Visitor: 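The following block contains the structure, expressed as C-alpha coordinates.
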Amino acid sequence: MKKVILNPKRDYSVVHHHPWVFSGAIRAVEGDPAPGETVAVESARGERLGWGSWSPASQIRVRMLSFDSDHEPDDAYVEGLVAASVARRAAFWVDGVTNAFRLVNAESDGLPGVVADYYAGTVVVQLATAGAERWKDVIVAALMKYVPDCTCVYNRSDVDARAREGLEPATGLLAGAEPPELVEVKEGPVSFLVDVRKGHKTGFYLDQRDARAAVAAYAPTAEMLNCFSYTGGFGLMACASGAASVTHVDASAEALALARKNTERIHFCGTKCEFVEADVFKQLRLYRDQGRTFDLIVLDPPKFADTKAGLMRATRGYKDINLLAMKLLRPGGVLATFSCSGAMTTDLFDKVCAEAAFDAKRDFQVLARTRQGADHPVSLTFPEGLYLKGLILRSF
(Lines give C-alpha, C1' and ligand atoms only; values in the text may rest on other atoms or scores of the structure.)
Protein backbone atom coordinates (compact mmCIF):
# COMPACT_ATOMS: atom_id res chain seq x y z
CA MET A 1 0.00 0.00 0.00
CA LYS A 2 1.34 3.42 -0.95
CA LYS A 3 0.93 6.16 1.60
CA VAL A 4 1.54 9.79 2.47
CA ILE A 5 2.50 10.63 6.05
CA LEU A 6 1.80 14.14 7.28
CA ASN A 7 3.99 16.32 9.45
CA PRO A 8 3.08 16.72 13.12
CA LYS A 9 0.26 19.24 13.66
CA ARG A 10 -0.46 19.41 9.90
CA ASP A 11 -3.46 17.09 9.82
CA TYR A 12 -6.13 19.54 11.04
CA SER A 13 -7.54 20.35 7.60
CA VAL A 14 -7.76 16.71 6.50
CA VAL A 15 -9.36 15.67 9.79
CA HIS A 16 -11.97 18.37 9.13
CA HIS A 17 -12.52 17.08 5.56
CA HIS A 18 -10.76 19.74 3.53
CA PRO A 19 -9.80 17.96 0.29
CA TRP A 20 -6.35 19.46 -0.33
CA VAL A 21 -3.00 18.34 1.10
CA PHE A 22 -0.17 20.74 0.26
CA SER A 23 3.45 19.69 -0.21
CA GLY A 24 4.56 21.47 2.98
CA ALA A 25 2.23 19.31 5.08
CA ILE A 26 3.90 16.06 4.01
CA ARG A 27 6.67 14.42 6.03
CA ALA A 28 7.18 11.29 3.97
CA VAL A 29 5.88 9.33 0.98
CA GLU A 30 6.08 5.55 0.95
CA GLY A 31 5.86 3.31 -2.12
CA ASP A 32 6.70 5.72 -5.00
CA PRO A 33 3.12 6.34 -6.22
CA ALA A 34 2.53 7.25 -9.87
CA PRO A 35 0.72 10.47 -10.84
CA GLY A 36 -2.99 10.08 -10.13
CA GLU A 37 -2.54 6.90 -8.13
CA THR A 38 -4.53 6.47 -4.92
CA VAL A 39 -2.55 6.80 -1.69
CA ALA A 40 -3.48 6.37 1.95
CA VAL A 41 -3.10 9.57 3.99
CA GLU A 42 -1.88 9.14 7.56
CA SER A 43 -1.16 11.49 10.43
CA ALA A 44 2.27 11.66 12.06
CA ARG A 45 0.86 9.36 14.77
CA GLY A 46 0.02 6.68 12.19
CA GLU A 47 -3.75 7.27 12.09
CA ARG A 48 -5.28 6.72 8.68
CA LEU A 49 -7.27 9.80 7.69
CA GLY A 50 -8.52 8.73 4.29
CA TRP A 51 -7.47 8.28 0.67
CA GLY A 52 -6.51 10.67 -2.08
CA SER A 53 -4.99 11.03 -5.54
CA TRP A 54 -1.23 11.67 -5.70
CA SER A 55 -0.04 14.59 -7.82
CA PRO A 56 3.76 14.98 -7.66
CA ALA A 57 3.95 17.98 -10.04
CA SER A 58 1.50 20.15 -8.09
CA GLN A 59 1.84 22.12 -4.88
CA ILE A 60 -1.39 20.36 -3.92
CA ARG A 61 0.20 16.92 -3.66
CA VAL A 62 -2.91 15.00 -2.63
CA ARG A 63 -6.57 15.61 -3.36
CA MET A 64 -8.79 13.61 -1.07
CA LEU A 65 -11.28 11.17 -2.57
CA SER A 66 -12.51 9.59 0.64
CA PHE A 67 -12.27 10.21 4.37
CA ASP A 68 -13.22 6.60 5.12
CA SER A 69 -10.13 5.14 6.78
CA ASP A 70 -11.04 1.52 6.08
CA HIS A 71 -11.97 1.26 2.40
CA GLU A 72 -9.72 2.29 -0.47
CA PRO A 73 -11.67 3.91 -3.34
CA ASP A 74 -12.13 1.65 -6.35
CA ASP A 75 -13.95 1.89 -9.69
CA ALA A 76 -17.32 1.22 -8.07
CA TYR A 77 -16.72 3.95 -5.49
CA VAL A 78 -15.88 6.57 -8.14
CA GLU A 79 -18.84 5.47 -10.26
CA GLY A 80 -21.03 5.97 -7.21
CA LEU A 81 -19.72 9.51 -6.72
CA VAL A 82 -20.69 10.39 -10.29
CA ALA A 83 -24.11 8.75 -9.94
CA ALA A 84 -24.81 10.62 -6.70
CA SER A 85 -23.71 13.94 -8.17
CA VAL A 86 -26.00 13.51 -11.19
CA ALA A 87 -28.88 12.48 -8.92
CA ARG A 88 -28.50 15.70 -6.92
CA ARG A 89 -29.36 17.63 -10.12
CA ALA A 90 -32.63 15.78 -10.70
CA ALA A 91 -34.72 18.94 -10.26
CA PHE A 92 -33.05 20.61 -13.23
CA TRP A 93 -34.53 18.04 -15.62
CA VAL A 94 -38.08 18.74 -14.49
CA ASP A 95 -38.29 22.45 -13.61
CA GLY A 96 -38.44 23.55 -17.26
CA VAL A 97 -36.16 26.57 -16.74
CA THR A 98 -33.10 25.26 -18.56
CA ASN A 99 -31.59 22.23 -20.22
CA ALA A 100 -27.98 23.28 -19.56
CA PHE A 101 -26.40 22.92 -16.13
CA ARG A 102 -23.47 21.51 -14.18
CA LEU A 103 -23.55 17.82 -13.29
CA VAL A 104 -20.28 17.48 -11.35
CA ASN A 105 -18.65 20.40 -9.55
CA ALA A 106 -15.21 19.03 -8.67
CA GLU A 107 -14.22 19.03 -4.99
CA SER A 108 -17.66 20.21 -3.88
CA ASP A 109 -19.15 17.01 -5.29
CA GLY A 110 -16.37 14.82 -3.93
CA LEU A 111 -14.55 14.49 -7.28
CA PRO A 112 -11.49 16.80 -7.21
CA GLY A 113 -10.55 18.22 -10.57
CA VAL A 114 -13.65 16.85 -12.32
CA VAL A 115 -16.16 19.16 -14.00
CA ALA A 116 -19.03 17.85 -16.10
CA ASP A 117 -21.58 20.13 -17.77
CA TYR A 118 -24.81 19.10 -19.49
CA TYR A 119 -25.98 20.79 -22.70
CA ALA A 120 -29.25 19.30 -23.93
CA GLY A 121 -27.91 15.75 -24.02
CA THR A 122 -24.26 16.60 -24.71
CA VAL A 123 -22.01 16.24 -21.66
CA VAL A 124 -18.72 18.17 -21.64
CA VAL A 125 -16.00 17.28 -19.14
CA GLN A 126 -12.87 18.99 -17.88
CA LEU A 127 -10.38 16.76 -16.08
CA ALA A 128 -7.95 19.18 -14.48
CA THR A 129 -5.88 16.99 -12.15
CA ALA A 130 -3.77 13.86 -12.25
CA GLY A 131 -6.36 12.00 -10.21
CA ALA A 132 -9.19 13.06 -12.51
CA GLU A 133 -7.17 11.83 -15.49
CA ARG A 134 -6.48 8.53 -13.72
CA TRP A 135 -10.22 7.90 -13.25
CA LYS A 136 -11.24 9.21 -16.71
CA ASP A 137 -12.61 5.96 -18.15
CA VAL A 138 -14.69 5.25 -15.04
CA ILE A 139 -16.06 8.80 -14.97
CA VAL A 140 -16.99 8.82 -18.65
CA ALA A 141 -18.71 5.42 -18.44
CA ALA A 142 -20.66 6.58 -15.38
CA LEU A 143 -21.82 9.76 -17.12
CA MET A 144 -23.04 7.77 -20.12
CA LYS A 145 -24.83 5.39 -17.74
CA TYR A 146 -26.48 7.79 -15.30
CA VAL A 147 -27.15 11.02 -17.23
CA PRO A 148 -30.65 10.88 -18.78
CA ASP A 149 -30.66 11.16 -22.60
CA CYS A 150 -26.87 11.52 -22.74
CA THR A 151 -25.78 11.29 -26.38
CA CYS A 152 -22.05 11.84 -25.90
CA VAL A 153 -19.26 12.86 -23.55
CA TYR A 154 -16.85 15.41 -25.03
CA ASN A 155 -13.48 16.28 -23.51
CA ARG A 156 -12.51 19.94 -22.96
CA SER A 157 -9.51 19.31 -20.73
CA ASP A 158 -7.62 22.25 -22.21
CA VAL A 159 -7.49 24.28 -18.99
CA ASP A 160 -4.33 25.93 -17.64
CA ALA A 161 -4.59 23.95 -14.41
CA ARG A 162 -3.48 20.79 -16.22
CA ALA A 163 -0.02 22.27 -16.82
CA ARG A 164 0.43 22.66 -13.05
CA GLU A 165 -0.36 18.94 -12.77
CA GLY A 166 2.20 17.98 -15.39
CA LEU A 167 -0.55 17.12 -17.88
CA GLU A 168 -0.92 18.07 -21.54
CA PRO A 169 -4.15 19.62 -22.85
CA ALA A 170 -6.65 17.08 -24.15
CA THR A 171 -9.80 17.55 -26.22
CA GLY A 172 -12.08 15.39 -28.31
CA LEU A 173 -14.88 12.87 -28.20
CA LEU A 174 -14.69 10.37 -25.33
CA ALA A 175 -17.94 8.43 -25.81
CA GLY A 176 -21.08 8.45 -27.92
CA ALA A 177 -21.74 10.39 -31.12
CA GLU A 178 -19.98 13.57 -32.20
CA PRO A 179 -21.85 16.62 -30.86
CA PRO A 180 -23.34 19.10 -33.32
CA GLU A 181 -21.25 22.07 -34.37
CA LEU A 182 -23.46 24.28 -32.19
CA VAL A 183 -25.68 22.89 -29.42
CA GLU A 184 -28.94 24.75 -28.82
CA VAL A 185 -29.87 25.17 -25.17
CA LYS A 186 -32.70 26.92 -23.36
CA GLU A 187 -32.53 29.33 -20.44
CA GLY A 188 -35.76 30.86 -19.27
CA PRO A 189 -37.35 32.85 -22.12
CA VAL A 190 -34.40 32.60 -24.53
CA SER A 191 -32.21 30.02 -26.22
CA PHE A 192 -28.49 30.08 -26.96
CA LEU A 193 -26.19 28.34 -29.41
CA VAL A 194 -23.19 26.88 -27.60
CA ASP A 195 -19.84 25.90 -29.13
CA VAL A 196 -18.77 23.04 -26.88
CA ARG A 197 -15.59 22.37 -28.89
CA LYS A 198 -13.99 25.82 -28.83
CA GLY A 199 -16.06 28.03 -26.53
CA HIS A 200 -14.91 29.41 -23.19
CA LYS A 201 -14.87 26.95 -20.29
CA THR A 202 -17.07 24.07 -21.50
CA GLY A 203 -18.84 26.32 -23.99
CA PHE A 204 -20.99 28.68 -21.91
CA TYR A 205 -21.02 30.44 -18.53
CA LEU A 206 -23.55 28.21 -16.83
CA ASP A 207 -22.55 29.59 -13.43
CA GLN A 208 -24.10 32.99 -14.26
CA ARG A 209 -27.64 31.71 -14.89
CA ASP A 210 -29.10 33.19 -11.69
CA ALA A 211 -27.26 36.47 -12.20
CA ARG A 212 -28.56 36.81 -15.77
CA ALA A 213 -32.11 36.49 -14.48
CA ALA A 214 -31.45 38.98 -11.66
CA VAL A 215 -29.97 41.58 -14.01
CA ALA A 216 -32.80 41.16 -16.52
CA ALA A 217 -35.23 42.48 -13.91
CA TYR A 218 -33.60 45.93 -14.31
CA ALA A 219 -33.54 45.82 -18.11
CA PRO A 220 -37.04 47.00 -19.20
CA THR A 221 -36.66 50.21 -21.30
CA ALA A 222 -32.95 50.45 -20.33
CA GLU A 223 -30.06 51.35 -22.58
CA MET A 224 -27.62 48.59 -21.65
CA LEU A 225 -23.87 48.14 -22.02
CA ASN A 226 -22.83 44.48 -21.86
CA CYS A 227 -19.06 44.29 -21.30
CA PHE A 228 -17.08 41.09 -21.88
CA SER A 229 -20.28 39.99 -23.54
CA TYR A 230 -18.97 36.66 -24.88
CA THR A 231 -21.88 35.12 -26.86
CA GLY A 232 -24.46 37.56 -25.50
CA GLY A 233 -25.86 35.89 -22.37
CA PHE A 234 -26.68 38.93 -20.22
CA GLY A 235 -27.69 40.95 -23.27
CA LEU A 236 -30.13 38.38 -24.65
CA MET A 237 -31.85 38.08 -21.30
CA ALA A 238 -32.11 41.89 -21.20
CA CYS A 239 -33.60 41.90 -24.71
CA ALA A 240 -36.21 39.39 -23.60
CA SER A 241 -37.07 41.71 -20.69
CA GLY A 242 -37.66 44.70 -22.95
CA ALA A 243 -34.38 46.61 -22.99
CA ALA A 244 -34.43 49.60 -25.35
CA SER A 245 -30.93 48.84 -26.60
CA VAL A 246 -28.01 46.55 -25.87
CA THR A 247 -24.39 47.26 -26.78
CA HIS A 248 -22.21 44.14 -26.60
CA VAL A 249 -18.46 44.70 -26.23
CA ASP A 250 -15.92 41.87 -26.45
CA ALA A 251 -12.38 41.42 -27.78
CA SER A 252 -13.27 38.17 -29.57
CA ALA A 253 -14.69 38.44 -33.07
CA GLU A 254 -15.79 34.78 -32.88
CA ALA A 255 -17.72 35.33 -29.65
CA LEU A 256 -19.42 38.44 -31.04
CA ALA A 257 -20.35 36.59 -34.23
CA LEU A 258 -22.13 33.96 -32.17
CA ALA A 259 -23.74 36.68 -30.03
CA ARG A 260 -25.08 38.26 -33.21
CA LYS A 261 -26.31 34.88 -34.45
CA ASN A 262 -28.01 34.22 -31.11
CA THR A 263 -29.70 37.62 -31.28
CA GLU A 264 -30.86 37.26 -34.89
CA ARG A 265 -32.46 33.88 -34.17
CA ILE A 266 -34.89 35.40 -31.67
CA HIS A 267 -37.38 38.14 -32.47
CA PHE A 268 -37.36 40.63 -29.64
CA CYS A 269 -39.68 43.60 -29.25
CA GLY A 270 -37.67 46.26 -31.03
CA THR A 271 -34.47 46.11 -28.96
CA LYS A 272 -31.62 47.77 -30.86
CA CYS A 273 -28.42 45.72 -30.65
CA GLU A 274 -24.84 46.78 -31.37
CA PHE A 275 -21.78 44.51 -31.45
CA VAL A 276 -18.42 46.13 -30.77
CA GLU A 277 -15.14 44.24 -31.14
CA ALA A 278 -12.73 46.03 -28.81
CA ASP A 279 -10.62 45.87 -25.69
CA VAL A 280 -13.17 46.64 -22.98
CA PHE A 281 -10.87 48.93 -20.98
CA LYS A 282 -10.13 51.03 -24.09
CA GLN A 283 -13.76 51.08 -25.18
CA LEU A 284 -14.95 52.30 -21.78
CA ARG A 285 -12.41 55.12 -21.94
CA LEU A 286 -13.64 55.99 -25.43
CA TYR A 287 -17.25 56.13 -24.22
CA ARG A 288 -16.12 58.31 -21.29
CA ASP A 289 -14.40 60.73 -23.67
CA GLN A 290 -17.47 60.77 -25.92
CA GLY A 291 -19.74 61.53 -22.96
CA ARG A 292 -21.83 58.44 -23.62
CA THR A 293 -23.89 57.05 -20.72
CA PHE A 294 -26.08 54.03 -19.98
CA ASP A 295 -28.92 52.95 -17.68
CA LEU A 296 -27.59 49.43 -17.12
CA ILE A 297 -23.98 48.19 -17.31
CA VAL A 298 -22.73 44.62 -16.90
CA LEU A 299 -19.07 43.85 -16.15
CA ASP A 300 -18.44 40.12 -16.41
CA PRO A 301 -14.69 39.87 -17.09
CA PRO A 302 -12.64 36.69 -17.40
CA LYS A 303 -10.53 35.54 -14.47
CA PHE A 304 -8.01 38.27 -13.60
CA ALA A 305 -6.18 36.20 -10.94
CA ASP A 306 -5.79 32.45 -10.91
CA THR A 307 -3.65 32.38 -7.75
CA LYS A 308 -2.86 34.66 -4.83
CA ALA A 309 0.40 35.63 -6.54
CA GLY A 310 -1.55 37.56 -9.17
CA LEU A 311 -4.06 39.11 -6.80
CA MET A 312 -2.49 42.59 -6.54
CA ARG A 313 -2.47 43.07 -10.31
CA ALA A 314 -6.00 41.70 -10.51
CA THR A 315 -7.20 44.10 -7.82
CA ARG A 316 -5.96 47.05 -9.87
CA GLY A 317 -7.75 45.70 -12.93
CA TYR A 318 -11.05 45.27 -11.10
CA LYS A 319 -10.83 48.76 -9.65
CA ASP A 320 -10.01 50.38 -12.99
CA ILE A 321 -12.84 48.73 -14.86
CA ASN A 322 -15.43 49.45 -12.17
CA LEU A 323 -14.30 53.05 -11.93
CA LEU A 324 -14.70 53.50 -15.68
CA ALA A 325 -18.13 51.87 -15.70
CA MET A 326 -19.38 53.91 -12.74
CA LYS A 327 -18.54 57.12 -14.59
CA LEU A 328 -20.66 55.97 -17.55
CA LEU A 329 -23.72 55.18 -15.45
CA ARG A 330 -26.66 57.56 -15.43
CA PRO A 331 -28.13 58.70 -12.08
CA GLY A 332 -30.34 55.89 -10.81
CA GLY A 333 -28.64 53.45 -13.17
CA VAL A 334 -27.68 49.89 -12.29
CA LEU A 335 -24.22 48.32 -12.43
CA ALA A 336 -23.87 44.53 -12.26
CA THR A 337 -20.23 43.68 -11.61
CA PHE A 338 -18.64 40.28 -11.15
CA SER A 339 -15.40 38.49 -10.33
CA CYS A 340 -14.73 34.83 -11.12
CA SER A 341 -11.20 34.96 -9.68
CA GLY A 342 -11.04 32.41 -6.88
CA ALA A 343 -8.27 34.34 -5.11
CA MET A 344 -10.51 37.43 -4.95
CA THR A 345 -12.54 37.14 -1.74
CA THR A 346 -16.02 38.60 -1.36
CA ASP A 347 -14.77 41.12 1.21
CA LEU A 348 -11.92 42.26 -1.04
CA PHE A 349 -14.21 42.58 -4.02
CA ASP A 350 -16.57 44.75 -1.96
CA LYS A 351 -13.64 46.93 -0.93
CA VAL A 352 -12.40 47.29 -4.51
CA CYS A 353 -15.85 48.38 -5.70
CA ALA A 354 -16.22 50.81 -2.79
CA GLU A 355 -12.86 52.40 -3.61
CA ALA A 356 -13.85 52.67 -7.26
CA ALA A 357 -17.09 54.41 -6.27
CA PHE A 358 -15.15 56.84 -4.05
CA ASP A 359 -12.80 57.75 -6.89
CA ALA A 360 -15.74 58.08 -9.29
CA LYS A 361 -17.42 60.43 -6.78
CA ARG A 362 -20.60 58.36 -6.93
CA ASP A 363 -22.76 56.74 -4.26
CA PHE A 364 -24.26 53.27 -4.69
CA GLN A 365 -26.75 51.01 -3.00
CA VAL A 366 -26.28 47.24 -2.96
CA LEU A 367 -29.43 45.79 -4.52
CA ALA A 368 -28.27 42.19 -4.54
CA ARG A 369 -25.29 39.88 -4.18
CA THR A 370 -24.90 36.98 -6.55
CA ARG A 371 -22.85 33.78 -6.71
CA GLN A 372 -22.76 30.65 -8.81
CA GLY A 373 -26.05 28.77 -9.03
CA ALA A 374 -27.29 25.72 -7.15
CA ASP A 375 -25.85 23.39 -9.79
CA HIS A 376 -22.42 24.76 -8.75
CA PRO A 377 -22.66 23.97 -5.01
CA VAL A 378 -19.92 24.78 -2.51
CA SER A 379 -18.90 22.23 0.10
CA LEU A 380 -18.98 23.66 3.63
CA THR A 381 -15.46 22.30 4.20
CA PHE A 382 -14.13 23.70 0.92
CA PRO A 383 -14.74 27.47 0.89
CA GLU A 384 -12.35 27.81 -2.07
CA GLY A 385 -15.21 26.44 -4.16
CA LEU A 386 -16.96 29.82 -3.93
CA TYR A 387 -15.11 31.49 -6.79
CA LEU A 388 -17.87 33.59 -8.38
CA LYS A 389 -19.14 36.68 -6.65
CA GLY A 390 -21.19 39.60 -7.92
CA LEU A 391 -22.75 42.87 -6.86
CA ILE A 392 -25.80 44.55 -8.36
CA LEU A 393 -25.46 48.23 -7.49
CA ARG A 394 -27.71 51.25 -8.04
CA SER A 395 -26.40 54.76 -8.33
CA PHE A 396 -28.15 57.31 -6.11
Side-chain angles (χ1 to χ4, degrees), residues 10 12-14 16-25 55 57-64 102 105-109 111-115 126-132 157-167 200-202 205-208 210-211 227-228 230 280-281 298-325 336-357 366 369-373 376-393:
R10 295 299 301 271
Y12 179 88
S13 62
V14 178
H16 288 81
H17 290 196
H18 192 284
W20 290 353
V21 179
F22 287 89
S23 59
S55 184
S58 174
Q59 284 295 103
I60 306 171
R61 291 295 163 83
V62 180
R63 288 176 170 82
M64 301 299 293
R102 178 148 295 181
N105 195 38
E107 280 85 347
S108 291
D109 276 309
L111 284 158
V114 180
V115 162
Q126 287 183 336
L127 307 172
T129 64
S157 298
D158 49 1
V159 291
D160 294 341
R162 279 178 69 94
R164 295 193 291 272
E165 296 280 316
L167 300 170
H200 295 179
K201 301 181 79 173
T202 61
Y205 290 94
L206 298 176
D207 50 7
Q208 286 283 41
D210 292 351
C227 298
F228 306 99
Y230 187 44
V280 171
F281 286 86
V298 173
L299 296 178
D300 188 23
K303 190 183 299 183
F304 283 175
D306 205 24
T307 64
K308 289 184 178 180
L311 188 56
M312 187 61 69
R313 177 183 56 81
T315 298
R316 291 193 296 269
Y318 283 117
K319 181 180 177 184
D320 287 349
I321 202 162
N322 279 280
L323 172 59
L324 288 165
T337 180
F338 305 94
S339 168
C340 63
S341 299
M344 173 69 67
T345 66
T346 299
D347 288 345
L348 181 56
F349 189 58
D350 283 3
K351 183 178 179 181
V352 167
C353 292
E355 290 179 351
V366 177
R369 297 180 183 274
T370 68
R371 49 168 285 174
Q372 62 245 42
H376 293 64
V378 179
S379 169
L380 196 58
T381 61
F382 183 63
E384 294 88 344
L386 181 58
Y387 64 91
L388 180 61
K389 66 284 301 180
L391 288 170
I392 301 179
L393 306 172

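Just so it is clear, the model here is predicted, and its values are computed rather than measured.
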Visitor: Determine the minimum heavy-atom distance between Ala132 and Val114, stating which atoms define it.
Guide: CB-CG2, 3.6 Å
Visitor: Got a second to check how far Thr345's OG1 is from Asp350's CG, nearest 0.5 Å?
Guide: 8.5 Å
Visitor: Could you tell me the separation between the CD atom of Glu355 and the CG atom of Leu323, rounded to the nearest 0.5 Å?
Guide: 11.0 Å
Visitor: Yes or no on side chain to side chain contact (heavy atoms under 4.5 Å, CB included) for Gln372 and Leu386, after CA distance, side-chain angles and deciding distance?
Guide: CA-CA 8 Å; Gln372 62 245 42; Leu386 181 58; 3.6 Å; yes
Visitor: Could you tell me whether Phe22 atom CZ has more than 12 heavy atoms of other residues or ligands within 6.0 Å of it?
Guide: yes
Visitor: Mind listing the closest non-hydrogen atom pair of Ser108 and Ser379 along with its distance?
Guide: OG-N, 3.0 Å
Visitor: Quick one, Val115 and Lys201 - any side-chain contact, counting heavy atoms below 4.5 Å?
Guide: no
Visitor: Is the shortest side-chain heavy-atom distance between Ser157 and Arg162 below 4.5 Å?
Guide: yes
Visitor: Rounded to the nearest 0.5 Å, what separation is found between the CZ atom of Phe228 and the CG atom of Leu299?
Guide: 7.0 Å
Visitor: Do Thr315 and Met344 have side chains that get closer than 4.5 Å, going by heavy atoms?
Guide: yes
Visitor: Side chains of Tyr387 and Lys303: does their closest heavy-atom pair fall under 4.5 Å?
Guide: no
Visitor: Could you check if a side-chain atom of Arg61 sits within less than 4.5 angstrom of a side-chain atom of Val21, using non-hydrogen atoms only?
Guide: no
Visitor: Compare all side-chain heavy atoms of Ile392 with those of Val366 and state whether any distance is below 4.5 angstrom.
Guide: no
Visitor: Considering non-hydrogen atoms only, spot the tightest contact between Cys340 and Pro301 and give its length.
Guide: SG-O, 3.8 Å
Visitor: Looking only at atom types and distance, does a side-chain atom of Thr370 sit under 3.5 Å from a main-chain N or O of Ala211, one as donor and one as acceptor?
Guide: no
Visitor: Once you round to the nearest 0.5 Å, how far does CG of Leu311 lie from CG of Leu348?
Guide: 5.5 Å
Visitor: Of all the heavy-atom pairs spanning His18 and Thr381, show the shortest one and how long it is.
Guide: CD2-O, 3.3 Å
Visitor: If you take all heavy atoms of Gly113 and Ala106, which pair is closest and at what distance?
Guide: N-CB, 4.0 Å
Visitor: How long is the gap from OG1 on Thr337 to CG on Asn322, to the nearest 0.5 Å?
Guide: 3.5 Å
Visitor: Using 30° and 60° as the class boundaries, would you call the ring planes of Phe304 and Tyr318 parallel, tilted or perpendicular?
Guide: tilted
Visitor: So which heavy atom on Ala130 is nearest to which on Glu165, and how close?
Guide: N-OE1, 3.0 Å
Visitor: Taking C-beta and beyond as the side chain, do Arg63 and Pro19 meet within less than 4.5 Å on heavy atoms?
Guide: no
Visitor: Test your reading of the model: is there a side-chain donor-acceptor pair from Ser339 to the backbone of Ser341, 3.5 Å cut-off?
Guide: yes
Visitor: Ion pair present between Asp109 and Arg102, side-chain N to carboxylate O less than 4.0 angstrom?
Guide: no
Visitor: Take Phe338 and Phe349, measure what side chain to side chain contact (heavy atoms under 4.5 Å, CB included) needs, and give me the verdict at the end.
Guide: CA-CA 9 Å; Phe338 305 94; Phe349 189 58; 5.5 Å; no
Visitor: Enter the distance from Leu388:CG to Tyr205:OH here, rounded to the nearest 0.5 Å.
Guide: 11.0 Å
